Amino acid sequence: MDLLQGLNPQQQQAVVAGLGPVLVMAGPGSGKTRVLTHRVAYLIGQMGVRPYHILAVTFTNKAAREMDVRVTDLLGEAARGVSLGTFHAICAKILRREAEHLPFEANFVIFDSDDQEKLVKAALEDLNLDEKRFRPQAVHGSISNAKNELILPDDYKVLNYRDEVVKKVYERYQQMLLANNALDFDDLLLWTAILLEQNPIVREKYARRYEHVLVDEFQDTNMAQYLLLKHLASFHRNVFVVGDVDQAIYRWRGADYRNVLRFEEDYPDTQIILLEQNYRSTQDILNVAMAVIDKHPYRKPKKLRAQRGGGQKVFLHECYDDQAEAEFVIDTIATQVARQGAKSGDFAVMYRTNAQSRVLEEAFLHANLPYKLVGAQRFYGRREIKDVIAYLRLVHNPNDELSLTRVINMPPRGIGEKTLLAVRTEAQKANLSPGQLILALANEESPYHTLFSGRTLAALLKFSSHLAAWRAELAEAALSPLLLMDRILNDIAYRDYVDDSSEEGKDRWDNVMELRRLATEYQGQPLETFLERVALVSDQDTVESGANVPTLLTLHAAKGLEFPVVFLVGLNDGTLPHQRSFDDPEAMHEERRLLYVGITRAKDKLYMVHPQNRSQYGYAESVEPSRFLADIPDDLLDDSAPRRSSGRRRSKGADTVDEKPLAAKTGAARWSAEPAKSAPPASSTPKTGQPASGGRASSSRTSSDPVGSNHAGSSKSAGGASDTPRFPAGSKVLHPTYGEGMVLNNRLQDGDEIVDIFFEQYGMKRVLASLAKLVKQ
DNA sequence: AAGGCCCTTCTTTTT
DNA sequence: GAAGGGCCTT
C-alpha cells in the first residue's frame, strides 16, 4: 500500500496498529511526525474513519500546521475536517462552544503571561500583601502549578504562611479573571478538564465524537492534559501517543514525563512500539548524544541507530568569553559559506537563556550579517503591538480591564490615574465593569455623566464614543479584524504617537504594519479567531523556513527542529546546567535532557562551544565548562581547544580562533547577498538583522574596552567567599589587573561580596571579591 | 497629567 | 544592562 512506502517496519507497525491504546516511543529524528501523519492518513484512507472523528493534538501551532499540510499531501481534500491543533487551541474551542455550562462568556479573552502577572499584582494589592515579600511572578508560578495539577483554590494545601497567601491570592485571582471574562493559559486546560470530569453529558459528546485521539510530544503533557486526554478517549479508547522521555524538557511548566508510565498503567493492554532508527544525524553526533543521555539516572536504555554513516567528529571549542563565542560562530559560518558553499540557512545557534541572544545579535549586526531570531516575545511582547492588540481585545470584550487600563490613556488623552480610579470605584458601585461604565457614557442620557466634569468628562466622553462606535461597527458591519484595526489606528492617530520619525519610531510603526499584514490573513474570520491566534502563538511558531539566514534560538524552542549545522553556545556550568537547577536533582536531569535535545538537532555538524568567562549583570566572572561535557569520551570529540582546563586557565594568547578580531569580515562580503528580509510575525521576528530592542543607541560597544571587565582569571581562592563585608566604601584596594582603586560601593550577595571600585585609569569596575584577588591597602 | 531621571532589581526555559 | 518603580519638575 502506498501509505506505507518508505517506512521502516517499526514505523509501519505504528501506522497500521489496530484499535486500542498505542504508545510509540520515538527517539530523536526517528520520523515520528511521519508516523503521526501517516497514521491519520491511514485511518481516513484505509480504515474509513471520517476526519470529523479524529483529534490530533500537538504542542505548537507550527507542528499542527505541518501535520495538516502533510496529511493533505497524502490524501488531498479527503483529509479535511480533522480536529488538529494545540492543547490550548483545542480547549479554547471546546470552552467557547460549551460556555453555557461554565461561569464565563463565550467571547472570553485569553490573558498572556504579562496580563497574568499584572492580575496577580492587583490581587496582592487588593489583599494588602507586600509585593516585595511575595513576588508576583513567584506567586503566579505557584498558582500555575496548582492549576496544572487540577488543584482549585479550595483544595489548595496550606502548610505554611506562604501557602496561605498563595491560596488567598489564587482565590482572588480567579475571581478577577472571571470579572474580566478572561482565562489564562492554564485555565484553558483546567476548565476543559473540569468540564469533562464533572459533566457526563458533555464528556460523552466529545468522547463519542473522537474515535481516534492522537498526541504528539506526549512526554511533555501535564496532569491537566493527561486527564483531558483520558476523558476525550474514554469512549473509544483509541489513544495513540507519541513521545520520548529523553526529550522531556517542560517539567517546570508542570509537565510530567511519568505520564508515560501512567499511561502504561492506565491502559495495560497498550501496544508499545519503539522507533530507534535515526534518520537525521551522523553516527558521530549520535554517539555524543548517547554519551550524554546514558548518564541520565533511572532511564530505560534506548539505542539510537544512525541510518547515515559516521560523518565528522563533533567539535568542542573553548572561547575566552561569550563575545568570543559569538565571533567564533560568525567566523565559522562565514568561512563555510564562503569556501565550502554552505547555505547560511543551514546554520542554527542554540543557547540556554534568551539573554544570551544579545551578544550573538550584536556580533551578527556588527559583521553585517542577517540572521533570524526565534521568539514570539520579540514581536508580540513589543509595546506598540500590545497596545494595538489591547484595543482590539477591549472592543471585543469591554470587561477586559487590563486592556482598558492599558489603552485608556494611550496615546495620552488626559485620563490619568485619578480619573481611572474614579471610574473603577463608580463602576463597582454601579455593579458594572469599568469598561461597561465607560461604554454607558456614550449614551447621552447616561446617569453617569454627573460623576465627572469639565476636562475629565470631555476626555472620557471622547474615548467612550470611540469605543462605542467601534463596537457598533463590529457588531453591525461585521468588520474584519483588518478593517477594525485600520479604523482604530486612524481614530486614535496611532501613527503620530509611535512614529516620531526617529529610527526607533519607524521601527515601531513598521511593527504595527506587520501586525496589520497578519490581520489580512483573517479576512472574513471573526475577530475572536484573530485574537486567539495572537494569544496562543508559541515561540516555535515563529520559526520560519524561508529566509536563507542563520537561526538563533533557545534550546527549548529548538525541540522538534533540525539543522545541518548546529552551534551550542554557552556550555558552561551555571548556564547549562543553569544555576537555578543546581539544588534540585530532577531539574538537573532536565538540564541534561536539554543538552541532549540540542545535540540531536544537528544533522551533519555540531559545534559545542563554551566560554571561560561569562558576563552577566555587567560584570564578568570566570566559569567552568559544563559538567555534562565531562561525560563525553574524548575520542568522540574534535578537541581543537582542550576543555579540561579547570585548574589552569590558558592565557589569551594560547587561543587561536577567538584571537582574531572579527575575522568574519572576510567571509561577510561573500555572504549570500540576500537582504535582511522583513518576515511576518507569524513566522519570525519582524526585522531580521535588526537589534531586538529597536535601539541602537548603545552601539559603541562597551566591549571595545580591550581589557574588558573583570578578567579575574585563575583560581577561586584569593578573595574567598564571605558573609561579612570586607571592602567598605572608601577603602583603598589593589586589583591585580587594574592596580590601585577606591571602593565606591559594596554589598553582599549569595555569600559573596560585590564591590564597585573606581580606578584612576579604567574608571568604575564592578568585581566579585571572591574572584578578583582584591587586596586591602 | 505627564515626562524625565535615578534607583533598584533581576534573569531559565514558554503554552 | 534593561526595565520597572519612585520621586521629581513642568
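Convention: sequence-line order gives letters A, B, ...; per-chain numbering from 1. Just so it is clear, the structure is predicted and the values come from calculations on it, not from any experiment.
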Between B:dT11 (P) and A:Trp252 (CH2): distance, integer Å
14 Å
Would you please confirm or rule out a distance under 4.0 Å between OP1 or OP2 of B:dT14 and any side-chain N or O of A:Thr554?
yes
Within 45° of the six-membered ring axis of A:Phe59 and under 6.0 Å from that ring's centre, is NZ or CZ of A:Arg253 located there?
no
At under 4.0 Å between heavy atoms, what does A:Arg593 touch on the DNA or RNA strands: base, sugar-phosphate, or nothing?
nothing
Provide, to the nearest angstrom, the distance between the NZ atom belonging to A:Lys121 and the P atom belonging to C:dG4.
8 Å
Between A:Tyr596 and A:His296, does the ring-ring contact (aromatic ring centres under 6.0 Å, His included) criterion hold? Intermediate values first, please.
CA-CA 10 Å; A:Tyr596 175 72; A:His296 192 303; 9.3 Å; no
Specify the separation, in whole Å, of atom CG of A:Asp112 and atom C1' of B:dT14.
12 Å
To the nearest angstrom, how far is A:Asn222 atom CG from B:dT15 atom P?
14 Å
How would nucleotides 1-7 of chain B be written as a contact map, 5' to 3', with B for base contact, S for sugar-phosphate-only contact and - for no contact, using protein heavy atoms under 4.0 Å?
SSS----
Let me know, please, whether A:Arg383 or A:Arg358 comes out on the 5' side of the other along DNA chain C by nearest nucleotide.
A:Arg358
Whole angstrom value for the distance that separates C1' of B:dT11 from CD of A:Glu591
14 Å
What is the distance from CG of A:Leu594 to P of B:dT13, rounded to the nearest Å?
11 Å
Answer yes or no: does a side-chain N or O of A:Gln137 lie under 4.0 Å from OP1 or OP2 of B:dC10?
no
For A:Phe87 and B:dT15, do the ring centres fall under 5.5 Å apart while the planes stay under 30° apart?
no
Listed partners of A:Arg135 passing salt bridge (charged side-chain N to carboxylate O under 4.0 Å, His left out), at least two apart
none
Can you name the residues that form a ring-ring contact (aromatic ring centres under 6.0 Å, His included) with A:Phe628, not counting sequence neighbours?
none
Picking from B:dT13, B:dC10, B:dT11, which would you name as closest to the side chain of A:Ala355?
B:dT11
For A:His466, enumerate each residue passing the ring-ring contact (aromatic ring centres under 6.0 Å, His included) test, keeping only those at least two apart in sequence or located in another chain.
A:Trp470
I'd like the C1' distance from B:dT13 over to C:dG4, given in whole Å.
22 Å
Sidechain-backbone polar pair: A:Thr425 side chain, A:Leu421 backbone, donor-acceptor under 3.5 Å
yes
Return each pair, listed once, that meets side-chain hydrogen bond (donor to acceptor under 3.5 Å, both in side chains) where at least one residue sits in residues 404-416 of chain A; pairs must be two or more places apart or across chains.
A:Asp387-A:Arg406, A:Tyr391-A:Arg413, A:Thr405-A:Arg424
Could you check how far CD of A:Glu117 sits from C1' of B:dT15, rounded to whole Å?
16 Å
Where the side chain of A:His578 is concerned, which of B:dT11, B:dT13, C:dG1 is the nearest nucleotide?
B:dT11
Nearest-nucleotide wise, let me know which of A:Leu189 and A:Ala587 is further upstream toward the 5' end of DNA chain B.
A:Ala587
Could you tell me which residues satisfy salt bridge (charged side-chain N to carboxylate O under 4.0 Å, His left out) with A:Glu66, sequence neighbours excluded, listed by chain and number?
A:Lys62, A:Arg70
For the pair made of CG in A:Asp114 and C1' in B:dT14, what is the distance, rounded to whole Å?
13 Å
With respect to the phosphate group of B:dT13, does any side-chain polar atom (N or O) of A:Arg580 fall under 4.0 Å of OP1 or OP2?
no
